[in-house]
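Notes follow once the structure below has been shown.
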Amino acid sequence: MPARRGWSPHWAEARSTAAALARLGDPQPLLDFIDRALADDDVAGAANLYYWALWLGALALPQPDDAFMRDRDLSGWDPVTLLRGLVGGLHLAAGFIDLYAHSLWALLTAFPWLAQAAGPLADVLREQAGQLLDGAALSGGSRRELAHVHYVFDLDR
């Protein structure tokens with residue numbers, strides 16, 4: 001299933017399908033999704049963060065459908081809670097490391113103050129990112145994004 005560029009009404013379905021295929025051992029659809037359906041598109045980038053916020057408990061209210069994901073304001077959820085959820089799952093993310101790396105990078109890009117607000121979570125993320133950069137099989141884009149995340153949290157030490 002090739003990913004479309006940017007947001008579409010089928011965006012959440014395409015993300016779920018690509019993630020399921022990665023979980024089954026085929027990472028290419030997820031890499032394509034990150035490259036085509038997330039990169040350089042503000043609506044799709046916001047949708048990815050909203051998607052995570054919903055699944056990781058950072059969204060304050062339940063949503064009746066996927067329409068809320070198109071809101072580029074990135075409001076109605078707590079960025080620190082989302083950061084905590086992403087960091088908490090990063091070490092378990094076999095097959096999803098690239099999506100986690102992109103999502104952490106996008107979260108820090110949207111909320112640059114997170115490095116200062118992370119508290120002890122910063123040490124955990126810095127260590128995990130360093131380990132992944134040293135040994136994980138990452139795409140070139142994910143390696144750059146995770147290196148940026150590591151740098152930001154290392155800089156704020």
Side-chain angles (χ1 to χ4, degrees), residues 1-59 61-72 74 76-111 114 121 124-153:
M1 164 191 261
R4 296 180 57 166
R5 291 243 175 246
W7 173 264
S8 82
H10 304 288
W11 184 91
E13 180 183 340
R15 184 189 188 280
S16 294
T17 301
L21 290 169
R23 191 171 35 256
L24 293 173
D26 183 4
Q28 195 58 50
L30 186 56
L31 295 173
D32 291 344
F33 181 83
I34 294 166
D35 184 48
R36 293 187 186 128
L38 291 180
D40 301 324
D41 185 285
D42 291 343
V43 175
N48 184 53
L49 293 177
Y50 275 111
Y51 190 101
W52 278 116
L54 176 66
W55 281 103
L56 296 176
L59 198 60
L61 300 170
Q63 301 297 314
D65 57 37
D66 294 339
F68 75 99
M69 289 188 220
R70 296 184 65 195
D71 182 5
R72 292 187 302 179
L74 298 177
W77 52 276
D78 177 32
V80 176
T81 300
L82 180 54
L83 178 65
R84 189 176 302 113
L86 288 170
V87 171
L90 185 60
H91 68 287
L92 303 172
F96 301 101
I97 296 294
D98 294 284
L99 183 58
Y100 271 82
H102 177 79
S103 300
L104 283 164
W105 172 83
L107 185 62
L108 283 176
T109 300
F111 301 98
L114 271 175
L121 191 59
V124 175
L125 179 55
R126 188 173 32 256
E127 183 180 330
Q128 287 179 340
Q131 289 171 355
L132 290 169
L133 288 167
D134 286 343
L138 295 164
S139 70
S142 296
R143 185 167 295 284
R144 282 187 299 280
E145 290 171 344
L146 193 58
H148 176 79
V149 169
H150 185 263
Y151 173 77
V152 167
F153 278 89

Study note, to complete from the structure: Scanning both residues in full, the closest heavy-atom pair of Ser142 with Ala101 reads O-CB, 3.9 Å
Practice item. Tell me, with the steps shown, if Leu38 and Leu99 meet side chain to side chain contact (heavy atoms under 4.5 Å, CB included). Key: CA-CA 10 Å; Leu38 291 180; Leu99 183 58; 4.1 Å; yes
Point to revise | Heavy-atom check, side chain of Asn48 versus side chain of Ser103, under 4.5 Å | key: yes
Review point. Using 30° and 60° as the class limits, which term best fits the ring planes of Trp11 and Phe33: parallel, tilted or perpendicular?
Key: tilted
Review point. Could you give the distance from CH2 (Trp52) to CG (Leu86), rounded to the nearest 0.5 Å?
Key: 5.5 Å
Check your understanding: CZ of Arg144 to CG of Leu133: how many Å apart, nearest 0.5 Å?
Key -> 12.5 Å
Review point. Are any of the side-chain heavy atoms of Leu54 and Phe68 separated by less than 4.5 Å?
Key: yes
Check your understanding: What closest approach, in Å, do Leu21 and Pro29 show between heavy atoms, and which atom pair accounts for it?
Key -> CD1-CG, 3.7 Å
Point to revise | Set of side chain to side chain contact (heavy atoms under 4.5 Å, CB included) partners for Leu31, sequence neighbours left out | key: Gln28, Asp98, Ser139
Exercise for review: Determine, step by step, whether Tyr51 and Ser16 satisfy the side chain to side chain contact (heavy atoms under 4.5 Å, CB included) criterion, reporting the C-alpha distance in whole Å, the side-chain angles of both residues, the deciding distance to 0.1 Å, and the verdict.
Suggested key: CA-CA 10 Å; Tyr51 190 101; Ser16 294; 2.8 Å; yes
Revision key, fill the gap. Taken to the nearest 0.5 Å, the spacing of Ile34 CD1 from Arg15 CZ works out to 9.0 Å
Point to revise | Rounded distance [0.5 Å steps], CG in Leu108 versus CD in Glu145 | key: 11.0 Å
**Study point:** Inter-residue atom distance Leu114.CG - Leu125.CG, 0.5 Å rounding
**Key:** 10.0 Å
Practice item. Measure the NE2-CD distance between His150 and Gln128 for me, rounded to the nearest 0.5 Å. Key: 11.0 Å
Exercise for review: Tell me, with the steps shown, if Val152 and Trp105 meet side chain to side chain contact (heavy atoms under 4.5 Å, CB included).
Suggested key: CA-CA 10 Å; Val152 167; Trp105 172 83; over 6 Å; no
**Study point:** Student check: side-chain heavy atoms of Leu107 and Leu49 closer than 4.5 Å
**Key:** yes
Exercise for review: Begin with the C-alpha distance, continue with both residues' side-chain angles, and end with the deciding distance and a verdict on side chain to side chain contact (heavy atoms under 4.5 Å, CB included) for Leu59 and Thr81.
Suggested key: CA-CA 9 Å; Leu59 198 60; Thr81 300; over 6 Å; no
